[in-house]
Asks: 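There's a structure below that I have some questions on.
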Number of protein chains: 2
Amino acid sequence: MSLRHWLPCLEWGRQYDRHAAAQDGLAALIVTMMLIPQSLAYAMLAGLPPVTGLYASILPLLAYALFGSSRTLAVGPVAVVSLMTAAALQSVAPAGSPEYVGAAMLLALLSGLILAAMAMLRLGFVANFLSHPVISGFISASGILIAFSQLKHILGIPAAGETMLQLVPAVLGHLQAVNWPTLIIGVSSLAFLWWTRSGLKPLLTRLGLGATLAGNLTKAGPVLAIILSILAVKGLHLEQAGVRVVGAIPQGLPGLMLPTMDLQLTLQLLPAALLISLVGFVESISVGQTLAAKRRQRIQPDSELLGLGTANIAAALSGGFPVTGGFSRSVVNYDAGAQTPLAGVLTAAGIAISVLLLTPLLHDLPQAVLAATIIVAVLSLVDLGALKHTWRYSRQDGIAQLATIAGVLLIGVETGVMLGVGLSLLLFLWRTSRPHMAVVGQLPGSEHFRNIDRFDVVESPEVLSLRVDESLYFPNARFLEERISELIANRPQIRHLVLMCPGVNLIDASALESLESIVERLHTAGVQLHLSEVKGPVMDQLKRSDFLQHFGGKVFVSQFEALRNLAPEVTRRTLQRQA
Amino acid sequence: MSLRHWLPCLEWGRQYDRHAAAQDGLAALIVTMMLIPQSLAYAMLAGLPPVTGLYASILPLLAYALFGSSRTLAVGPVAVVSLMTAAALQSVAPAGSPEYVGAAMLLALLSGLILAAMAMLRLGFVANFLSHPVISGFISASGILIAFSQLKHILGIPAAGETMLQLVPAVLGHLQAVNWPTLIIGVSSLAFLWWTRSGLKPLLTRLGLGATLAGNLTKAGPVLAIILSILAVKGLHLEQAGVRVVGAIPQGLPGLMLPTMDLQLTLQLLPAALLISLVGFVESISVGQTLAAKRRQRIQPDSELLGLGTANIAAALSGGFPVTGGFSRSVVNYDAGAQTPLAGVLTAAGIAISVLLLTPLLHDLPQAVLAATIIVAVLSLVDLGALKHTWRYSRQDGIAQLATIAGVLLIGVETGVMLGVGLSLLLFLWRTSRPHMAVVGQLPGSEHFRNIDRFDVVESPEVLSLRVDESLYFPNARFLEERISELIANRPQIRHLVLMCPGVNLIDASALESLESIVERLHTAGVQLHLSEVKGPVMDQLKRSDFLQHFGGKVFVSQFEALRNLAPEVTRRTLQRQA
């Protein structure tokens, strides 16, 4: 049981057949074609030599296939995590230097260990604290930031920076130094890639191809752009014209080695590793859950943590950098018919063969084409409409999302996310600290009680019914005291106060203390407190104090019961009245 | 209106008469007698010259009388705030030095400005984040810490330290250097003060005095101890025997001056000032509310903030240190019959006269007697039984309380409080991140629905009713998805899922997203989602999204309505069955 829990491959491995193998093989071929340019591009985004992107697409895929629970998730370097890697490493060493590469491996190792530890401690729920608006804002803002950071490759100018405040002046300041051949390659790649995304598939289907085949061929667009641009650079000697190319890529598989361990550096990278782990996990599990649900499969958060954790450890040991499940890549894998994680194993094999054979051919690949690949990929993630949407639904969520976007764009990736998470929590606490309460009355002709401000209901002159729409706990305990003092002060004829508690999911020690002083103050005013519709768990907890023995009132199963006891005449008449 | 809101004295001043004046005068006399030794003692506790305690008991009382809303609160130096002052200033300058005194004034100024700003911004609710268990644990632990820190004065030894880890070895290490005359004075003062608290009042009433008079005379115990000990020191020349005395106290009223402003020092003291403000406000408002309720009066949190804020600013301008409303002092003021804040004004006058006339007489007052006053006062605040009580009621509150106590005793006063507050919030968030949910069924013979695990209820085979006992927001949004997947997976015959929402006080954007993916996944499984008992505010918010238009289900006013629509037969039979 336990071994099968941690090794989901034992499950699907038993039923593996030739049909699944054929489908997995096809999916692997398509994903490999997609992954080669992406790996090179995301390594460049992370400030690393392009070959490390390929390294990060071999062993991690094998590790995930062994331990991960999603059947179709495609693991490897992704845009957002690569951006976070670059942000974490910027102050460690110059981009591309051996120290920088070593630190990237260490970052992957730390991230892997954190994810594996979370799996063992079943701490997957921690990722839930990244709320949907924060994630959505983070991804949109990262997309803008990444796209902007790649402009320098399209323009052929130097322009470094980690935030928009640095990037925009850097790009504007170098505009006069634009390299025209680079710009032409960059813009035409952008246009071509954009067209393959939007125009190619309809064209192919109109030419009579099946929708699936057309879709798969479309995914090969970046490969075509790569081939064409390499031929152009070679044929027109564009490297001499100032077009920057990928250059010599070391041939052969990566050696296995531990990253250099350095306590100081480890401590410095730890916060970034934690955030990369959480963000990577959230991105991965969102894709995984969506795809699993389509085929009525389920994924285990613990297995996902372990799968991603081992994938990152594998990346660290083989010269890579932090990886996670990629969105577009996984969708392609799913659409291409992948049945099991063996598709990932075959993809890894495809990348390994490419590293062995193809790297010399990539020497003349212009960096502008890789940048165009990144820009097209990340701009599709930008969804600023979501902000309007969120804002309309909830002001608080909107503020958190806006703060995340502004933080990521203007201060930095990590700060932006933490700002969003912190603000989400603070706004929630602030909200619960002043809970909604409603004085309720009986709906004529029914046993239901509703807000007197919203419905035409009947109140008993001697019984005040107050519904509390929040758990009672320390931030709002005193608020309840004040509200009740106010209500009682304005209604001198009241003899009973019934606190209707269907929305009270917790009464903590502070609130219990408040209830006790409420009871005492009500007694001096000649009013008795009662409770109604108290939930089982709350009742259990109240029984662990002596409140129920000495508060002097009753606990009614429903508000109707309460009123039937305390004001039988009014209740009976209201029940018989037509609504 | 606005002026009357901020100057409550305009209210009571209009009806002031001779009767009230007589009662206020008597109360002022008793409180003055109590306040003189307390002021000297708490100044000593704060590491300040004794006279600063008297200074802090003049102008601040006038300021509070003008702006505060409690009729009977007695403001001045209190034990816990004095301890926090000492903790905040320990690293600034040597205790008692002019820099130290200046820093104490600056601390009072900062605290006053913070409180006044909170009043203007109506931020009084922030103090609610100090939960009852945290406050209670903090006060008990401070009491122990303060009592222990005063042992050195009783024993006549040097023993400095801010935590038990420093104090215990310091006291034990100097035990061989005990000054016997000091110890005899200290122990006999302790015994005498303890006896006046417990034995004197019954004795006086047995001698035929009225209960009130006996009670008031009892409060003069510390004054009697002071007089007797001064006579003993003078008559027996104990100062030469090594008994440390208060020494020369400058005569005359304090001059008005601004504390030295220093940006660096201000920034250093700011966190402590914030915490002192919050703790002082909570202590003060608790006493104020309790006493106001006894006479059916009300206090305004905003006025309290402004009253305490101006009191602290006044303390800063007149050579004092942070003050707040004291518990025992206010109770004495109330019991002695104080009617209005004019009692405070008269108390201030009493202290001012004492500073002018009595200070030379206090030269020979032994520090051991002041220490005994402090120890007896603070030990009455220690209530470790509360911990057992809290622990039994709620494990989470118990953990927060224990952490506060341990933090205050072992790490420091500020750290302890912040540990408690942080832990309270984290435990609450953790709790709401895995909410209680119950599958419910109909109670036979009624329209009520209850947990199937607790009650003998009837379920419809095709309709699953799930009650969610928590607001749906980002930390638990995914949890709901998983719980529903699980429930549906185990019940293949289910066609409808009704989410019963009486306990749902909020559905945030993340939870809305989760609901949408739940609806989608349920649809693929042939199950329709419905909602029931959704509250008005939640419904209003849902209407701001398009969820209600496209989720395909209905929103029922009650769970009974839902079942009557979805499974009419089962519901009708259950309603007719005997419970």
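Just so we're clear, the structure is a prediction, and the values are computed from it rather than from any experiment. So you know, we letter chains A, B, ... as the sequences are listed, proteins then strands, and number each from 1.
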Asks: Measuring only between side-chain heavy atoms, which start at C-beta, is B:V538 closer than 4.5 Å to A:H436?
Replies: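 Result no, sub-4.5 Å side-chain heavy-atom pair not found.
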Asks: Non-hydrogen atoms of chain B under 4.5 Å away: do they reach the side chain of A:E561, the backbone, both or neither?
Replies: neither
Asks: Which atoms of A:S545 are under 4.5 Å from chain B, going by heavy atoms: the side chain, the backbone, both sets, or neither?
Replies: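 Both parts, backbone and side chain.
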Asks: Of the backbone (N, CA, C, O) and the side chain (C-beta and beyond), which part of B:Y393 lies under 4.5 Å from a heavy atom of chain A, both, or neither?
Replies: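 When you check distances to chain A, atoms from both the backbone and side chain of B:Y393 fall under 4.5 Å.
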Asks: At a heavy-atom separation under 4.5 Å, does B:R454 approach chain A through its side chain, its backbone, both, or neither?
Replies: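 Side chain only.
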Asks: Between B:A509 and chain A, with a heavy-atom cut-off of 4.5 Å, which part of the residue counts as in contact: side chain, backbone, both or neither?
Replies: both
Asks: Can you sort out the partners of B:S394 under side chain to side chain contact (heavy atoms under 4.5 Å, CB included), two or more places apart, ordered by chain and number?
Replies: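 Counting only residues at least two positions away or on another chain, B:S394 forms a side chain to side chain contact (heavy atoms under 4.5 Å, CB included) with A:Q541, B:Q396, B:D397.
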Asks: Which region of B:N451, side chain (C-beta onward) or backbone (N, CA, C, O), has a non-hydrogen atom less than 4.5 Å from a non-hydrogen atom of chain A, or is it both or neither?
Replies: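 It is neither, since no heavy atom gets under 4.5 Å.
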Asks: Heavy atoms only, distances under 4.5 angstrom: which of A:E482, A:E481, A:Q401 has the most pairs with chain B? Name it, please.
Replies: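 Winner by heavy-atom pair count: A:E482.
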Asks: I'd like to check B:L506 versus A:F428 (side-chain heavy atoms, cut-off strictly below 4.5 Å). Are they in contact?
Replies: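 Yes, close enough: below the 4.5 Å cut-off.
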Asks: Quick check on B:E513 against chain A: is it the side chain, the backbone, both or neither that has a heavy atom closer than 4.5 Å?
Replies: side chain
Asks: With a 4.5 angstrom heavy-atom cut-off, is it the side chain or the backbone of B:L429 that approaches chain A, or both, or neither?
Replies: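 Its backbone and side chain both get close to chain A.
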Asks: Decide yes or no for B:E533 and A:P502: does some side-chain heavy atom of the first lie under 4.5 Å from some side-chain heavy atom of the second?
Replies: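 Heavy-atom side-chain distance check fails, nothing below 4.5 Å.
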Asks: Quick check: are there more than 12 heavy atoms from other residues, nucleotides or ligands sitting under 6.0 Å from CG of B:D456?
Replies: no
